[in-house]
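Not measured: the values here are computed from a predicted model. Only heavy atoms go into these numbers, but all of them, side chains included; no hydrogens, no water, no symmetry mates.
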Amino acid sequence: MGVSSQLGSLIFFIGLFNYGLASCVWYGQCGNNPELKSKDKKVNCLYYGEPKPFATEEGRQKFKINCPDFYHGPETKTCCADSQIITLDKQVAVPRQSLLRCPSCLRNFFNLWCHFTCSANQSDFTHVARTANYTFPNGTEAKAVVAVDYEVSTDFANGMFNSCKNVQSPSSNQRALSLLCGRDVDQCTPEVWLKYMGNTDNTQSPFSINFIVSNSNTSFPGTNGTSVTIEPMNVTTVPCNKAPTEDSEACSCPDCPTSCSPIPPPSPPVKPCEILHVSCYDFAFTLVFAGFLMIFGCYSICYNIMVQDSLRLEQPGDDATSSCCGRIGGAAVHRNARKKEFLDNVSSDQLGRCERMGASIESFLERLFRNWGKICTRHPIKVIVITLIVSAVLCAGISLFQVTTNPVKLWSGPNSRARLEKEYFDSNFKPFYRTEQLIISRPNNKTTFQYGPGPFPPFINYTSLFDKTFMHKMLDLQLAVENLEVLYDNKNITLKDICFAPLRPDNSNCTIQSVFNYFQNRHDLLDRNVTSSTGWDTYTYLDHIKFCAISPVSINDTDSIGIPCMGTFGGPVFPWVAFGGYKDGQYNTAEALVITFVVNNYLDEDQNSMAEAWETEYIAFMKDYVKKHPDVTISFSSERSIEDEIDRESSSDVMTILVSYLIMFGYITVMLGRYNTVTRILVDSKVVLGLSGVFIVLVSVGASLGFYSYLGIPSTLIIVEVVPFLVLAVGVDNIFILVQTYQREQRLDGETTDQLVARVVGKVGPSMLLTSSSESLAFFLGALTDMPAVKVFSLYAAMAVLFDFLLQITCFISLLYLDAKREEANRLDFCCCARVDAESPKNGSGILYTIVSKYYAHFLMKEWVRPIVMVIFVGWSCASGALTSRVNIGLDQSLSMPKDSYVLDYFHNISTYLSVGAPVYFVVRDGHDYTTYDGQNAVCGVAGCPQTSVVQQINSASLLPNDSYIAQPVSSWLDDYFSWLVVSPCCRTYEDTGDFCPSSEQNKTCLACNVTDKYKGRPISHDFDKFLPWFLKDNPNIHCAKGGHAAYGSAVQLSNDSHHETHVGATYFMTYHSVLKTSSDYITALKEARKISDNITLSMNGTGKVFPYSVFYVFYEQYLTIVEDSVLNILYCLAAIFVISFLLLGLDLHSAVLVVLTILMILVDLMGMMYLWDIDLNALSLVNLIMAIGISVEFCSHIIRAFTVSVLPTRKERAKDALGHMGSSVLSGITLTKLGGIIVLGFSKSQLFQVFYFRMYLGMVIFGATHGLIFLPVLLSYLGPSVNKAKVYQQKYVQESMEEQGAGDQGESRTNRRSAQRYAYDNPPAYNSMGGGTAQPM
């Protein structure tokens, strides 16, 4: 509502002062004030006489309603005529709407003007200062009062001010007194308020009123040397926490702080857990590391002194005298010799049950894979054709492939609270609007200028943003955007075709939140100047901006240039939305203009296509404008900007990803070969086999995509980007192990190629099964999460790993056999039809294998190296464990943008300039009964509403914005409905039809609504529902600013029952969050909003349910539980790995624990790196952590299985043997393969790739490789499981079988040995039939 309208209601027609004994100073009206330019400011006639009764019933009723304290029956005498009190009733309507919320304030306010205008003894406190001549149409002469003095007591002025200063205006989210005082309420005082209302410069006061605030009498010069004395009007005021009458209520808490229960102090910040001023995490991990150092240090010292010769690496069988410390060396050598002797003489009765079962499982797996290898090598073409057919069928499902790009579906589970609440909000109201926003600043122009309406101080400093020429230029920009045209569906569309127009169809103007809407988006109004009545001051656009910043809902600027502050769209433009970068609420210090175009949004994406087409043109226009106007800095964004930039980023990084994969593919194809001589390079190379292995990896990914496409489970971009990397790591490692084991394996006498390949498969197949099944099951369990991105990734990754394993043990084995036959036939790798003359191929160790087994493993197992390794790795893990508590939660949205994106500037300026956060809606679900007084009390905020109501609790929260993240009081449709209903210019009906008569229609036949069902002034029962639709379609105007169409048209869901009666369904109450800049702010804001809504729901005692909704909740809800989700996902994966390792390592609990422990250390180290390298915990990083578990299995499980199957006597020898056999394959197969590809990702333009892929992938490989190739062998040398005596016995059994069947002459020995070998491998000892015995520990 406009200040001008409100002040007009405060000024009543004034009579003349009676200098004698008469009680009145005026009576009746004497035309318009001749001293003012306006011709509608009526003044009162000078009257010396006694009060008179009203002449009409209408006058008496109006007086009874407006001045009940003065009414004493039909013969009540006053100093105001019927015409005056009727005019009073019309003019006081708007102030009544603002102050009706607080009955005490309204009563005090009315008493001020009723005493002044109508009091029977008004001459006691009113003095006529100046009059003017007036002639009635009939020729009668009279005196018109044009200036008066009105004295009120200090107690009354303070009491009235204190009762009104906190009254809220729900529709404007500010206090009502800001609209009546001409300035912000914080700068208003009783004297300032009264002076403002009496000043004719406000364009509403009909004459000058000089308010004198004093407790002493005041004298004025009279005629003939006499003086006239007046005394202060000192009627008793009613404090806001008291009801003015028995049938009314005290003011509610939002309007009267003294009515509030004590507000609890802000919650103290949660203090981090500390012990001795040190973080609990740091303290705990420091204790762990200290304990480890103490225990491990004592063990190492004792072990080296008492057992080992620390100055050399002993060899089994060394003579004791060869040691430099004879006795000690001898003890170590003899201890190892005793172990070897014991194992050499182990018998069946010394084997434990678990050892027998473990060896049986191991033998079973070896036989299974060896027999399977025979099938694949004997029927290679059939196997390849069958696998290709099955793969083709699965990959064909890609034709049904769907990619989820909707961020809501990507990051929020379908059954999550935020998702369900969003769907409820969208279906009952409308989806949150599409926003197109400009943030305009002049960073290179720091100049300021001073301004004041008159020639004298005080002057106000304004930033260069308010330069008129600059503002005209920016208004041109706004208008240009409004008029942008784009061809869509063979017709030109503009902003008006897609924008949100709240008053449509009555008013089709678009909602544009901009300072220029204070000038109705017109250049001529921006240039308007108005001279004050005194002629001293000239009001300009700056005065109007100042006024509208205080009163954004004003219908008319009564302070300066006399135009509305309300936007052309029918709603207010709040200054905290239109300005940015201001300080302490002083908008003249603003450093940015914010222009927001609000566009309709729809649930059906097809309906948004028109808006998307216009947004494309808008983005292109703004890019061109920014380029051509370097003197102004403009950051901009549209609803489609983020999705467009993500798509552009993905396209720009296609080449980077392609190069990364090509490097890895190239490495694989080259390094699989074995190059002994120059003449055999083209024969020994395995480019075709390597490419076949890569093809299998790609096919497995395609099969996974096709499989889930058949099931209708959509994919995500994360899967396309991450799963191939994962499967390549897993698949290549297995390929290298399989091929390099074949290359190193010595062929037995008479063994054919197919038998050799089958034996190799039997040897490494269980290890491949161990890693692949562990990873696949781990990922399947990871899919138990509710986070869609993680769930879908886990499903696709699990199936891809499974398919990759199946293709490797079928198709790749057959390809390996065919390649081996090609190599034996000296055929070229690229062209198998061509042969070369070269010596026959010989299996043997490669260079990398020799380096690892002969030098690196030997060095790592040195007695002085092992303790250092243990201390470094355990120390780093403890440090990383302490750092995990410092990892930030969330996702900086700027990371998802390319480095050259225009949206990055927009994100930066949002954090720099914006002064208010996102809107938040507190939704009351359908089912609450608003037609009862108690039901209304559960929601409302007016007088009589308890402090536990919806509105009161939200408003209380807004008093602590730093704690609650609620920045403004809530706008309440219910409170404004109550005010609208009781003010006659608002709720009216046509006399003849009874239909609604809009307040904007000046029709004398319209009557005030007849509310019959009411309780304590509020409508109840049928009347509540009857008049509510009228309120929601009434447009606010100068006669009734409480019309709810613009502010609440979409806030109330109405429905009709079977009897065609209207009922209230779901409703919302809107406010704003405080400024949110970081992920932590958004997460905490969501938490606090839910805390408020949960408290409200609890206080409603089952009569209603309330939830908060803001557009960002659905994206940030995941972070409320992401720590718990991450822990559960990791535990699920580790549990799966533990179970699979325990079973496939031959029921070896010890080894399974070590596998899980090492993988856990890798994860902890990776999370420590996340903190050090600024990587936040979110769905992306959680996906990478789960993937790290799978890759870690590759680094660890192969090594530990090789350790468990080794039958060397000591742990150190078995660790060295395992590292020698598997270390080179792990190093070449996964470590070096990945490093080349990862380094390329570091050159990506995408910040998202650099942070979540380059950094985390690099961490995975480095930590996985160092733990698998350095820490784990050392750990096994200390804490590895004892040798399985059943496997020793099995080896002894094989050797004895070969010796028994190997007797005979030399010509028969090969046949016998070959028979013995096959018999030994195919018929291991029957452990179940062996006698049980207690095994001696190793």
Side-chain angles (χ1 to χ4, degrees), residues 2-19 24-48 79-81 83-84 87-88 90-91 112-113 116-117 122-123 125-137 139-151 180 182 192-212 218 220-223 228 230 453-456 528-539 543 547 556-563:
V3 173
S4 58
S5 301
Q6 297 160 352
L7 291 178
S9 68
L10 311 180
I11 310 303
F12 305 108
F13 299 97
I14 303 177
L16 299 174
F17 183 80
N18 185 350
Y19 292 95
C24 295
V25 297
W26 57 54
Y27 197 86
Q29 298 175 344
C30 282
N32 299 317
N33 191 337
E35 297 182 353
L36 300 180
K37 293 180 181 180
S38 176
K39 299 305 180 183
D40 61 350
K41 306 301 181 187
K42 296 185 179 298
V43 291
N44 298 326
C45 300
L46 181 67
Y47 168 71
Y48 298 105
C79 292
C80 55
S83 58
Q84 291 172 275
T87 302
L88 164 65
K90 294 179 180 178
Q91 294 180 328
L112 171 72
W113 297 105
F116 178 57
T117 306
Q122 69 180 189
S123 61
F125 41 79
T126 308
H127 168 252
V128 176
R130 190 168 65 254
T131 62
N133 294 325
Y134 176 74
T135 301
F136 286 98
T140 303
E141 299 289 336
K143 293 287 186 181
V145 178
V146 294
V148 296
D149 300 299
Y150 179 22
E151 183 172 8
L180 305 175
V192 170
W193 184 18
L194 293 172
K195 181 179 179 180
Y196 177 77
M197 290 191 293
N199 193 334
T200 55
D201 285 344
N202 62 31
T203 72
Q204 289 302 300
S205 180
F207 53 83
S208 177
I209 305 173
N210 176 34
F211 281 96
I212 302 170
T218 302
F220 299 92
T223 58
V228 177
I230 60 175
F456 306 110
R528 174 180 286 189
N529 296 330
V530 175
T531 303
S532 67
S533 59
T534 63
W536 287 102
D537 299 330
T538 299
Y539 299 109
D543 298 290
F547 175 84
N556 192 19
D557 177 359
T558 59
D559 254 8
S560 56
I561 61 178
I563 61 175

Could you check if a side-chain atom of F125 sits within less than 4.5 angstrom of a side-chain atom of I212, using non-hydrogen atoms only?
no

Item to check | Contact check, side chains of E151 and H127, non-hydrogen atoms, under 4.5 Å | outcome: no

- Query: Hey, does Y48 have a side-chain heavy atom less than 4.5 Å from the side chain of S123?
  - Reply: no

Here the gap from K195 atom NZ to I209 atom CD1, rounded to the nearest 0.5 Å, amounts to 14.5 Å

Mark yes or no for whether Y134, through its side chain, and P34, through its backbone, hold a donor-acceptor pair below 3.5 Å.
no

Rounded to the nearest 0.5 angstrom, the CG-CZ distance for D149 and F220 is 4.0 Å

Distance col, row Y27:OH vs S83:OG, nearest 0.5 angstrom, shows 8.0 Å

Donor-acceptor contact below 3.5 Å, side chain N33 vs main chain P206
yes

Rounding to 0.5 Å, atoms SG (C80) and CH2 (W113) come to a distance of 14.0 Å

- F116 vs F211 aromatic rings, parallel, tilted or perpendicular, using cut-offs 30° and 60°? tilted

Output for pair (L112 CG, Y150 OH), nearest 0.5 Å, gives 4.5 Å

- [ ] Would you indicate whether the side-chain heavy atoms of R528 and I563 approach each other to under 4.5 Å?
- [x] yes

Practice prompt. Determine, step by step, whether C30 and Y47 satisfy the side-chain contact (heavy atoms from CB on, under 4.5 Å) criterion, reporting the C-alpha distance in whole Å, the side-chain angles of both residues, the deciding distance to 0.1 Å, and the verdict.
Written response: CA-CA 11 Å; C30 282; Y47 168 71; over 6 Å; no

query: Does the side chain of L36 reach to within under 4.5 Å of the side chain of T200, using non-hydrogen atoms?
result: yes

* Is any side-chain heavy atom of N32 closer than 4.5 Å to a side-chain heavy atom of K41? -> no

Check: Taking the six-membered ring where the residue is Trp, are the ring centres of Y196 and W193 under 6.0 Å apart?
Finding: no

Value for CG (N199) from CG (L194), rounded to nearest 0.5 Å, stands at 12.5 Å

Looking at T117, is its backbone amide N or carbonyl O close enough to the side chain of Q122 to form a donor-acceptor pair, meaning the two atoms are under 3.5 Å apart? yes

Discussion item. Taking the side chain as everything from C-beta on, heavy atoms only, tell me whether V530 gets closer than 4.5 Å to D543.
Written reply: no

